[in-house]
Amino acid sequence: MSDRQYWLMKSEPDEYSIDDLERDGVEPWDGIRNYEARNNMRDKMNVGDGILFYHSRISPPEIVGTMEVASEPYPDPTQFDPDSKYFDEKSSEEDPRWKLVDVKFVQKFDEPVSRTAMKEEPALEEMVIFKRRRLSITPVTEAEWKKIHEMAGAEVK
DNA sequence: GCCAACGTTGGC
DNA sequence: GCCAACGTTGGC
């Protein structure tokens with residue numbers, strides 16, 4: 001799997017946390033309503049890609065574990081549900097605007113890696129998360145992936 | 001909880 | 001198709 005790619009995906013733990021994913025095992029990453037984030041899921045991800053799970057909007061924001069892409073892209077069901085806060089009246093079943101992938105729990109870090117710690121690490125200063133403030137799904141390099149695991153004292157999986 | 005940054009919408 | 005207004009994200 002030499003062509004394995006890596007990603008970072010943000011979630012507010014009040015909405016969906018690493019503990020929720022550990023409990024659920026596999027979960028659709030729904031509710032993404034940003035085109036670039038969608039494009040990453042729809043056009044670039046492959047089953048088996050590694051994903052850093054990032055807790056946002058808490059203090060401190062931190063990487064709390066990892067997951068894996070677990071499906072091909074498919075339409076986000078919440079866009080068709082009028083009762084969902086992610087309902088999109090401009091989308092249709094024939095031409096769905098929003099697609100997502102399923103993610104699978106891999107591991108929870110014993111020592112989460114905070115945004116501050118990441119910022120202080122020179123090897124991570126080029127991370128896309130620091131340049132694209134509001135993008136919730138960003139690419140990660142293999143070197144960054146390994147470095148984060150090292151900082152978490154975790155086995156690279 | 002504030003509010004700057006910034007992606008998106010819609011009038012023209 | 002420009003760009004002001006709007007709405008949301010997310011660090012602090």
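Just so it is clear: chains get the letters A, B, ... in the order the sequence lines come, proteins before strands, and each one is counted from 1.
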Q) In whole angstrom, what separates A:Arg38's CZ from B:dG7's C1'? A) 14 Å

Q | N/O (side chain, A:Lys10) to phosphate O (OP1/OP2, C:dT9) under 4.0 Å | A | no

Q | Separation of atom NE2 in A:His55 from atom P in C:dT9, rounded to whole Å | A | 17 Å

Q. NZ of A:Lys131 versus P of B:dA5: gap in Å, rounded?
A. 18 Å

**Q.** Shortest side-chain distance from A:Arg134, nucleotide among B:dT9, C:dG10, C:dT8
**A.** C:dT8

Q) A:Ile129 has an atom CD1; how far is it from atom P of C:dG11, in whole Å? A) 7 Å

Q: Check the angle between the aromatic planes of A:Phe109 and A:His149 and answer parallel, tilted or perpendicular using the 30° and 60° thresholds.
A: perpendicular

Q | Among C:dG11, B:dG7, B:dG10, the nucleotide that comes nearest once only the side chain of A:Lys90 is considered | A | B:dG10

Q. In this structure, are over 12 heavy atoms from other groups packed under 6.0 Å from A:Asp110 atom CG?
A. no

Q. Are a donor atom and an acceptor atom from the side chains of A:Tyr35 and A:Arg97 found within less than 3.5 Å of each other?
A. yes

(Q) Rounding to an integer number of Å, can you tell me how far A:Arg132 CZ sits from B:dC6 P? (A) 9 Å

(Q) Is it the case that atom NZ in A:Lys104 sees more than 12 heavy atoms from other parts of the structure closer than 6.0 Å? (A) no

(Q) Quick check: on DNA chain B, is the nucleotide nearest A:Tyr35 upstream (toward 5') of the one nearest A:Arg57, or the reverse? Name the residue that is more 5'. (A) A:Arg57

Q. Closest to the A:Asn34 side chain: B:dT8, C:dG10, C:dG11?
A. B:dT8

Q) Taking only side-chain nitrogens and oxygens of A:Arg115, does any of them come within less than 4.0 Å of OP1 or OP2 of C:dG11? A) yes

Q: Could you tell me whether A:Phe130 contacts a base, only the sugar-phosphate backbone, or nothing, with contacts defined as non-hydrogen atoms closer than 4.0 Å?
A: nothing

Q | Check: A:Asp49/A:Trp7 side-chain N/O donor and acceptor closer than 3.5 Å | A | yes

(Q) Output the rounded distance in Å from CG (A:Leu135) to C1' (B:dC6). (A) 11 Å

(Q) When you measure from the side-chain N and O atoms of A:Tyr86 to the phosphate of C:dT8, is any distance below 4.0 Å, counting only OP1 and OP2? (A) no

